[in-house]
Colleague: 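Handing you a structure now.
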Amino acid sequence: MELVEATAADLDALVERWYSLAKAMEAYDELNALVADVTENADSGFRAHLDDEAVTDYLVVHEDETIGFVTLREDSHPSRQYSQYLRIVNLAVDDEYRNRGHGTEIIERVKDIARDRGCDHLTVSCEWQNEDARRFYRDTGFRPKQVDFAQPLE
């Protein structure tokens, strides 16, 4: 399994997989409801990533087949001892390839990328109600650090 940096030629594969991930997240909270033209917005968002030095999208490739994607964002907290971090923004493995160790292998590759970039820690978040994601991240060595709260303004 390898992580291959995505290019403009990969936008359709990224958008398709992101849409599947985003659609699944709708079940966890009303704030995850998608808009009608979501794929057009997603395409624009991934195009913007190509020009953003802090963000990198990777295709997850196993035996010459794309089986998922991961989006990483590098950032820092200059006032903290652990100041340089790499955030996992999106991580998705296609349904038929789940529970085969690919997610764990992705995390290991992301750790290598983070170290190569001089980062000292990783961050990730997931929906509170998504027990499978929470268990996966705990099992791969992440620990809870903070909780995000959200409130719709209606």
Colleague: At what distance, to the nearest 0.5 angstrom, does CG of D139 lie from OG1 of T104?
Modeller: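 Rounded to the nearest 0.5 Å, the CG-OG1 separation comes out at 7.5 Å.
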Colleague: Between V55 and V89, does a side chain to side chain contact (heavy atoms under 4.5 Å, CB included) hold up when you go through it step by step?
Modeller: CA-CA 9 Å; V55 179; V89 178; over 6 Å; no
Colleague: So if you build clusters from Ile, Leu, Val, Met, Phe, Trp, Tyr with side-chain heavy-atom gaps below 4.5 Å, do Y82 and L122 land together?
Modeller: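 Shared cluster, no.
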Colleague: Can you check whether L91 reaches I106 side chain to side chain, under 4.5 Å on heavy atoms?
Modeller: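 Heavy-atom side-chain distance check passes, below 4.5 Å.
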Colleague: Can you run down the ring pair (Phe, Tyr, Trp, His ring centres under 6.0 Å) pairs that involve residues 87-115, sequence neighbours left out, and say none if there aren't any?
Modeller: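 As it turns out, the ring pair (Phe, Tyr, Trp, His ring centres under 6.0 Å) pairs with a partner in residues 87-115, which skip direct neighbours, are H62-H102.
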Colleague: In terms of hydrophobic clustering (I, L, V, M, F, W, Y; side-chain heavy atoms under 4.5 Å; direct or indirect links), are L72 and F142 co-clustered?
Modeller: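 Same hydrophobic cluster.
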Colleague: Can you name the nearest heavy-atom pair linking N32 to M25, along with the distance?
Modeller: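 What the structure gives for the nearest pair is ND2-O, 2.8 Å.
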Colleague: To the nearest 0.5 Å, how far apart are OH in Y85 and CG in D120?
Modeller: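 The CG atom of D120 is 11.0 Å from OH of Y85, to the nearest 0.5 Å.
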Colleague: Name all pairs fulfilling the salt bridge (charged side-chain N to carboxylate O under 4.0 Å, His left out) condition that reach into residues 101-113, sequence neighbours left out, sorted by first residue then second.
Modeller: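 Qualifying pairs, neighbours excluded: E105-R109, E108-K111, D112-R115.
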Colleague: With sequence neighbours excluded, what pairs up with D10 under the salt bridge (Lys or Arg N to Asp or Glu O under 4.0 Å) test?
Modeller: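 In terms of salt bridge (Lys or Arg N to Asp or Glu O under 4.0 Å), with neighbours along the sequence ignored, D10 is linked to no residue.
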Colleague: In terms of heavy-atom contacts, does CD of E2 have more than 12 from other residues, nucleotides or ligands at under 6.0 Å?
Modeller: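 Above 12, so yes.
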Colleague: Are F46 and T71 packed together at the side-chain level, in the sense that at least one heavy-atom pair is separated by less than 4.5 angstrom?
Modeller: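 Yes, at least one pair of side-chain atoms sits under 4.5 Å.
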Colleague: Restricting to salt bridge (Lys or Arg N to Asp or Glu O under 4.0 Å), what partner residues turn up for D95, sequence neighbours left out?
Modeller: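 Scan of D95 (salt bridge (Lys or Arg N to Asp or Glu O under 4.0 Å), adjacent residues dropped) gives R98.
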Colleague: Does R134 use its side chain to pair, donor to acceptor, with the backbone of W128 at less than 3.5 Å?
Modeller: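 At least one qualifying donor-acceptor pair exists.
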Colleague: Look up atom CG in D94 and atom OG in S20, then write down how far apart they are to the nearest 0.5 Å.
Modeller: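 Between atom CG of D94 and atom OG of S20 there are 7.5 Å.
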Colleague: Between R87 and S125, what is the shortest heavy-atom contact and its length?
Modeller: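 In terms of heavy atoms, the two residues are closest at NH2-OG, 2.8 Å.
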Colleague: Could you give the side-chain donor-acceptor pairs of residues 143-154 under 3.5 Å, partners two or more places apart or in another chain?
Modeller:
none

Colleague: For the residue pair R47 and L11, establish whether any side-chain heavy-atom pair is separated by less than 4.5 Å.
Modeller: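 Touching, per the 4.5 Å side-chain cut-off.
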Colleague: Report, as yes or no, whether the 6.0 Å neighbourhood of atom OH on Y28 holds more than 12 heavy atoms from other residues, nucleotides or ligands.
Modeller: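 Yes.
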Colleague: Do you know which two heavy atoms are closest between R100 and E96, and how far apart they sit?
Modeller: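 For R100 and E96, the tightest heavy-atom pair comes out as NH2-O, 3.0 Å.
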Colleague: Can you measure from CD1 (I107) to OG1 (T140) and round to the nearest 0.5 angstrom?
Modeller: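 Spacing of CD1 (I107) from OG1 (T140) equals 4.5 Å.
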Colleague: Just so I know, are the side chains of D12 and E16 near enough to count as touching, which here means a heavy-atom distance under 4.5 Å?
Modeller: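 When only atoms from C-beta onward are counted, E16 and D12 do not touch, as no gap falls below 4.5 Å.
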Colleague: I would like to know whether V38 and K23 meet side chain to side chain contact (heavy atoms under 4.5 Å, CB included); could you show each step before the answer?
Modeller: CA-CA 10 Å; V38 68; K23 195 72 181 154; over 6 Å; no
Colleague: Are L14 and I67 joined in one hydrophobic group, where the rule is that I, L, V, M, F, W and Y side chains link up if heavy atoms are under 4.5 Å apart?
Modeller: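 Cluster IDs for L14 and I67 differ.
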Colleague: Can you establish whether the number of heavy atoms outside N99 located under 6.0 Å from its atom CG is more than 12?
Modeller: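 Not more than 12 within 6.0 Å, no.
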Colleague: Flag the pair E74 / Q84 as yes when at least one side-chain heavy-atom distance between them is below 4.5 Å, and no otherwise.
Modeller: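 Yes; the side chains approach each other to less than 4.5 Å.
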Colleague: Given side chains that start at C-beta, do those of V70 and D57 come closer than 4.5 Å, heavy atoms only?
Modeller: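 They are not in side-chain contact.
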Colleague: Please name the pair of heavy atoms, one in V124 and one in I88, separated by the smallest distance, quoted to 0.1 Å.
Modeller: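 Closest heavy-atom pair between V124 and I88: CG2-O, 3.6 Å.
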Colleague: Say whether V15 and Y58 are linked into one hydrophobic cluster, either directly or through other cluster members, by side-chain heavy-atom distances under 4.5 angstrom.
Modeller: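 V15 does not cluster with Y58.
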Colleague: Do L59 and L3 have side-chain heavy atoms sitting under 4.5 Å apart?
Modeller: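 Of all side-chain heavy-atom pairs linking L3 with L59, none is under 4.5 Å.
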Colleague: Could you check R117 against L86 for side chain to side chain contact (heavy atoms under 4.5 Å, CB included), going step by step and ending with a plain yes or no?
Modeller: CA-CA 9 Å; R117 293 183 182 185; L86 193 61; 3.5 Å; yes
Colleague: Contact between T123 and H121 at the side-chain level, heavy atoms closer than 4.5 Å - yes or no?
Modeller: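 Yes, close enough: below the 4.5 Å cut-off.
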Colleague: Does D37 use its side chain to pair, donor to acceptor, with the backbone of E40 at less than 3.5 Å?
Modeller: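 Judged by distance alone, no pair lies under 3.5 Å.
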Colleague: Give the minimum heavy-atom separation between W18 and F69, together with the two atoms involved.
Modeller: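 Taking every non-hydrogen atom into account, N-CE2, 3.6 Å.
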Colleague: For S44, give me all partners under side chain to side chain contact (heavy atoms under 4.5 Å, CB included), at least two apart in sequence or on another chain.
Modeller: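 Side chain to side chain contact (heavy atoms under 4.5 Å, CB included) check on S44 returns nothing, list empty.
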Colleague: Taking a hydrophobic cluster as the set of Ile, Leu, Val, Met, Phe, Trp and Tyr residues connected by side-chain heavy atoms closer than 4.5 Å, whether directly or through intermediates, do V110 and L21 fall within one such cluster?
Modeller: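 Unlinked, V110 and L21 end up in two clusters.
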Colleague: Which atom pair, heavy atoms only, marks the closest approach of L34 to A22?
Modeller: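 Nearest pair, atom of L34 first, then A22: CD2-CB, 3.8 Å.
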